[in-house]
Amino acid sequence: MTTTDSTPPLDFIRSIIAEDLKKNKNDGRVHTRFPPEPNGYLHIGHAKAICLNFGIAAENKGGVCNLRFDDTNPSKEDIEYVESIKEDVRWLGFNWGDRLFYASDYFEQLYQYAVQLIKAGKAYVCDLNAQQIREYRGTLTEPGKDSPYRSRSVEENLDLFERMRAGEFEDGSHVLRAKIDMASPNLNMRDPVIYRILHAEHHRTGNKWCIYPMYDFAHCLSDSVEGITHSICTLEFENNRELYDWFLNELNVESHPQQIEFARLNLSYTVLSKRKLLELVEEGYVSGWDDPRMLTISGLRRRGYTPESIRNFCERIGVAKRDSMVDIALLEHTIREDLNQRAPRVMAVLDPLRVVIDNYPEDQVEEMDAINNPEDPSMGSRKVPFSRVLYIEREDFREDPPKKFFRLAPGREVRLRYAYFITCVGVVKDEQTGEVIELHCTYDPETRGGDSPDGRKVRGTLHWVSAAHSLKAEVRLYDRLFVKANPTAEKDGPDFKTYLNPNSLEILTSCRVEPSLAGAAPGNRYQFERRGYFCVDSVYSSDDALVLNRTVSLRDSWAKIEKTQKKKK
RNA sequence: UGCCCCGUGGUGUAACGGCAGCACACCUGACUCUGGCUCAGGUAAUCGAGGUUCGAGUCCUUGCGGGGCAGCCA
């Protein structure tokens, strides 16, 4: 096949938009919006929506994307959330320019739309309480019945609605409802509530209002007011689309956006619903919204993820209508891929084992040349001090090495990266516990820099630090938050928190890192050679106490070999 | 049980009605001063049954399976 054009295939939403553009629908405009409710922190699922909406705007000439806060329920919302959302969207690399909006900006306008609906005989004030409304709504299989207040006169409705606004009534005593069809097979169309009384202080409008519009009413009209062309939302709003269109048709607005639904993101071994995340925060299972184990944007940021890696992830998972569960391994892949290119390499020993080089001069210190990033020569090199007493990783020594173990063992020679070949000549153990507490080795002075002039090869290369020169550090290792791929799978199963991974956080307090990490700033990212990617924690780390988070481990084929070896036994 | 939506390798996603592709994961091998990276290769999929058609993952019918909807939440 001859490929004349190499444009990547479009997802179904971008295809719709491309078609619209071809037909010059909306005068060729593309205008999207990202409309979070400020009632929690953004997570990786929101990142998908953000990348979609801002991405589509950016891909199309003249396209723009609004940031709009859907703040119609003051009882759940807070200014803390709007600030964090703005920060997160910005951090992800998107810019809403001067297009920052709030549904609360439109409260007066929305009220007038409601009045218009009443005047058209398409809305009425209902005095039924919540319980009664539910009963009158009918069920999935049975039609509902009309509210006794459905036939109030326009005048009476106008009067009542005005008094609702004026604060004459208590919460719950009246609602404004759209007059549609109590027998509709779509429950959303059975005279939905569009305004409720809520004597609550709003984070932006204060006490100006005591009635607030419902989502279905506010959202379509906010979209319309802003001139949105494509209103992209998640699948659970599919049944709301009929209502979305109903309001815009009845009110005869000039701008009628098209609602398009896509499947929200599910990720294995975690939960991604605001309610559940909030539960984890409030009940203390994690340290906060930005706990590095949380798949919130702020958690991922603190964990060491880059915006690029997250955007890349969102691009690769695609957009479709099918319910799916993305493998967390793909997220881990995208951050490894990014950090492999940009993270400076450094040597750090997480679980130190003391090594004495018996034939190395007591007071000698050599500065070894180490490459900062083999993937990027422009990052140069640095000096790493080498001396007689070193630390290596405890797991890099086995007194009785299994098959295919290429690291240090009694009598075996390995390379210390950028330094010398060493051979293990002695093992010192704790007399009580039998634990190995120190190794004695000899080095071959001819192998300085890591190569042997006689062409001798070694199978293993270990990372190390000089005991006297290394810095102490605390390292936090994170594992998946849940032990089950889908902790919420069973409908009537146990609470999702029963599947919490008890070992999702491991704190190592006696780590040793090479001296070049002195003064490392919060947020700095490194590759600890042979261990993984780490970043300086933005909360706990300080000048005199380094704390690093493991973003993700390196791929570890030895761990796989060892695992299959154990299985065979 | 009413209405709406969705079924393509293990996972995610492509394929004007015309050779089922890509990525992750997994398994080999090569290379390597990171058991990393890179490179080469491999295993593996159209939910079932009918129908339309020269030809169906794609269109139609139907069955099965999954998800959503009965907030004065969004």
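Below, chains carry the letters A, B, ... as their sequence lines are ordered, and counting in each starts from 1. The figures that follow rest on heavy atoms only: side chains count, while hydrogens, waters and symmetry mates do not.
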Look at the side chain of [X] and the base of [N], then say whether one donor and one acceptor between them are separated by less than 3.5 Å.
X: R530(A); N: G35(B); answer: no
X: E261(A); N: G68(B); answer: no
X: E142(A); N: U1(B); answer: no
X: R531(A); N: U34(B); answer: no

Using a 4.0 Å heavy-atom cut-off across all strands, classify [X] as base, sugar-phosphate, or nothing.
X: R190(A); result: nothing
X: K404(A); result: base
X: L140(A); result: base
X: N186(A); result: nothing
X: Q341(A); result: nothing
X: R555(A); result: sugar-phosphate
X: L235(A); result: nothing
X: R407(A); result: base
X: Y420(A); result: nothing
X: P35(A); result: nothing

Do any side-chain nitrogens or oxygens of [X] fall under 4.0 Å of OP1 or OP2 in [N]?
X: S324(A); N: U13(B); value: yes
X: T139(A); N: U1(B); value: no
X: R322(A); N: U13(B); value: yes

Nearest-Å distance for atom pair [atom1]/[atom2], residues [X] and [N]:
X: H202(A); N: A74(B); atom1: NE2; atom2: P; answer: 10 Å
X: E332(A); N: A23(B); atom1: CD; atom2: C1'; answer: 16 Å
X: N340(A); N: G35(B); atom1: CG; atom2: C1'; answer: 15 Å

Q) On a whole-Å scale, what distance lies between the P atoms belonging to U58(B) and G71(B)? A) 38 Å
Q) Can you tell me how far C1' in A30(B) sits from the matching atom in G36(B), rounded to whole Å? A) 16 Å
Which base sits across from [N] as a Watson-Crick or G-U pair, both distances under 3.5 Å?
N: C31(B); result: none
N: U46(B); result: none
N: C64(B); result: G7(B)
N: C37(B); result: none
N: C22(B); result: G12(B)
N: C59(B); result: G51(B)
N: G17(B); result: none
N: C69(B); result: G2(B)

Q: Could you pick out which residue, K457(A) or I317(A), lies toward the 5' side of RNA chain B when each is mapped onto its nearest nucleotide?
A: I317(A)
Q: Nearest-nucleotide wise, let me know which of G318(A) and F406(A) is further upstream toward the 5' end of RNA chain B.
A: G318(A)
Q.
As a test of understanding, state which of N186(A), D216(A), D245(A) forms a side chain to side chain donor-acceptor pair (under 3.5 Å) with N240(A).
A. D216(A)
Q | Note, L416(A) side chain near F421(A) side chain (heavy atom, < 4.5 Å) | A | no
Q: Answer yes or no for R398(A) and F405(A): cation-pi contact, defined as NZ/CZ to six-membered ring centre under 6.0 Å and angle to ring axis within 45°.
A: yes
(Q) Can you give me the closest heavy-atom contact between L272(A) and L265(A), atom names plus distance? (A) CD1-O, 3.6 Å
Pairs under 3.5 Å (N/O, protein and nucleotides 71-73 of chain B):
from: G71(B); atom 1: OP2; to: R134(A); atom 2: NE; distance (Å): 3.4
from: G71(B); atom 1: OP2; to: R137(A); atom 2: NH2; distance (Å): 3.1
from: C72(B); atom 1: OP1; to: R137(A); atom 2: NH2; distance (Å): 3.4
from: C72(B); atom 1: OP2; to: R137(A); atom 2: NH1; distance (Å): 3.2
from: C72(B); atom 1: N3; to: G172(A); atom 2: O; distance (Å): 3.4
from: C72(B); atom 1: N4; to: L128(A); atom 2: O; distance (Å): 2.9
from: C72(B); atom 1: N4; to: A130(A); atom 2: N; distance (Å): 3.2
from: C72(B); atom 1: N4; to: G172(A); atom 2: O; distance (Å): 2.9
from: C73(B); atom 1: OP2; to: R196(A); atom 2: NE; distance (Å): 3.0
from: C73(B); atom 1: OP2; to: R196(A); atom 2: NH2; distance (Å): 2.9
from: C73(B); atom 1: O3'; to: R196(A); atom 2: NH2; distance (Å): 3.2
from: C73(B); atom 1: O2'; to: N73(A); atom 2: ND2; distance (Å): 2.9

